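One structure is given here, and the rest of the page talks about it.
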Amino acid sequence: MIKYRTMFKCHQPALYLSLAVLLLATSCSNAHKSKLQGNWKLKSGETRLKITAKKFAMDSDLQYAEDYFVKGDTIFTSFEGNQPYSKFVVQKLDDNNLKLLSPDSTVMEFTR
């Protein structure tokens with residue numbers, strides 16, 4: 001029993017460090033995703049983009065919206081979880097501007 005307690009104490013700092021890194025990574029990805037959420041309008045046209053906590057809809061209502069997730073600086077979308085995913089690279093994101101590189105390599109600039 002003493003050996004087990006000693007072993008646990010030796011690994012305790014590593015456990016806390018791992019937990020801290022995990023929490024930090026989770027909080028950063030959620031902050032990025034929440035900044036994306038909202039209604040966006042293309043600067044050069046009438047295209048609209050609506051992003052909610054779970055859906056990504058361009059020029060359509062949420063009934064036909066795609067599921068999405070964010071990994072790094074890329075938004076992956078899919079209709080009802082089907083693959084292949086469409087990839088949108090976030091080139092710029094702040095409170096009022098969103099610049100995306102679409103799957104066909106077209107740059108799209110949106111404002112709120």
Side-chain angles (χ1 to χ4, degrees):
M1 191 68 142
I2 294 174
K3 241 183 185 179
Y4 178 73
R5 287 183 187 167
T6 306
M7 185 176 75
F8 181 71
K9 283 185 179 182
C10 293
H11 295 292
Q12 197 171 14
L15 178 67
Y16 289 135
L17 181 63
S18 299
L19 184 58
V21 168
L22 180 65
L23 289 173
L24 182 62
T26 304
S27 67
C28 290
S29 65
N30 288 340
H32 190 70
K33 192 171 179 177
S34 66
K35 250 188 179 181
L36 280 171
Q37 293 177 23
N39 295 312
W40 300 92
K41 181 182 176 191
L42 193 65
K43 285 183 178 180
S44 62
E46 292 299 315
T47 302
R48 297 198 179 273
L49 172 66
K50 184 170 187 172
I51 302 175
T52 66
K54 295 182 180 184
K55 298 291 182 179
F56 183 98
M58 195 173 299
D59 275 343
S60 65
D61 59 21
L62 287 177
Q63 181 179 357
Y64 301 106
E66 297 184 13
D67 299 325
Y68 80 100
F69 64 93
V70 177
K71 187 172 184 180
D73 63 349
T74 306
I75 302 168
F76 295 87
T77 66
S78 68
F79 186 70
E80 296 180 352
N82 295 324
Q83 291 187 6
Y85 296 114
S86 298
K87 298 176 188 175
F88 294 86
V89 178
V90 178
Q91 294 184 330
K92 178 182 178 183
L93 175 62
D94 60 35
D95 292 335
N96 297 311
N97 298 293
L98 171 62
K99 188 175 181 181
L100 294 177
L101 181 64
S102 70
D104 62 354
S105 300
T106 304
V107 175
M108 301 182 297
E109 294 187 57
F110 295 91
T111 59
R112 287 211 195 255

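We use all heavy atoms of the structure for the numbers below, so side chains are in, but hydrogens, waters and symmetry mates are not. What you see is a predicted model; the values in this text were computed from it and never measured.
- In this structure, the side chains of Arg112 and Lys41 stay at 4.5 Å or more apart for every pair of heavy atoms.
- Here the straight-line distance linking atom CD of Glu109 with atom CG of Leu100 works out to 10.0 Å at 0.5 Å rounding.
- The OG atom of Ser86 sits 9.5 Å away from atom CE of Met58, with the distance rounded to the nearest 0.5 Å.
- Distance check, rounded to the nearest 0.5 Å: CG of Leu98 to CD of Gln91 gives 10.0 Å.
- A donor-acceptor contact shorter than 3.5 Å is absent between the side chain of Asn97 and the backbone of Thr111.
- Residues Lys55 and Asp67 form a side-chain contact, since some pair of their non-hydrogen atoms from C-beta on lies under 4.5 Å apart.
- Contact annotation: the side chain of Val90 never approaches that of Val70 to less than 4.5 Å [non-hydrogen atoms, C-beta and beyond].
- Between the CG atom of Leu49 and the CG atom of Leu36 there is a distance of 8.5 Å, given to the nearest 0.5 Å.
- Residue Leu93 holds its CG atom at 8.0 Å from CD1 of Ile75, rounded to the nearest 0.5 Å.
- Heavy atoms of other residues, nucleotides or ligands lying less than 6.0 angstrom from NZ of Lys43 number more than 12.
- Across every non-hydrogen atom of Met108 and Leu42, the tightest pair is CB-CD1, 3.8 Å.
- Residues Phe88 and Tyr68 have side chains not in contact (no heavy-atom distance under 4.5 Å, counting atoms from C-beta outward).
- By the rule that hydrophobic residues join a cluster once side-chain heavy atoms approach within less than 4.5 Å of another member, Val89 and Tyr85 end up as members of separate clusters.
- Taking 4.5 Å as the limit, some side-chain heavy atom of Val107 sits within range of a side-chain heavy atom of Lys99.
- Between Thr106 and Leu101, the closest side-chain pair of non-hydrogen atoms is not below 4.5 Å.
- The heavy-atom pair separating Asp94 from Trp40 by the smallest distance is O-CH2, 4.0 Å.
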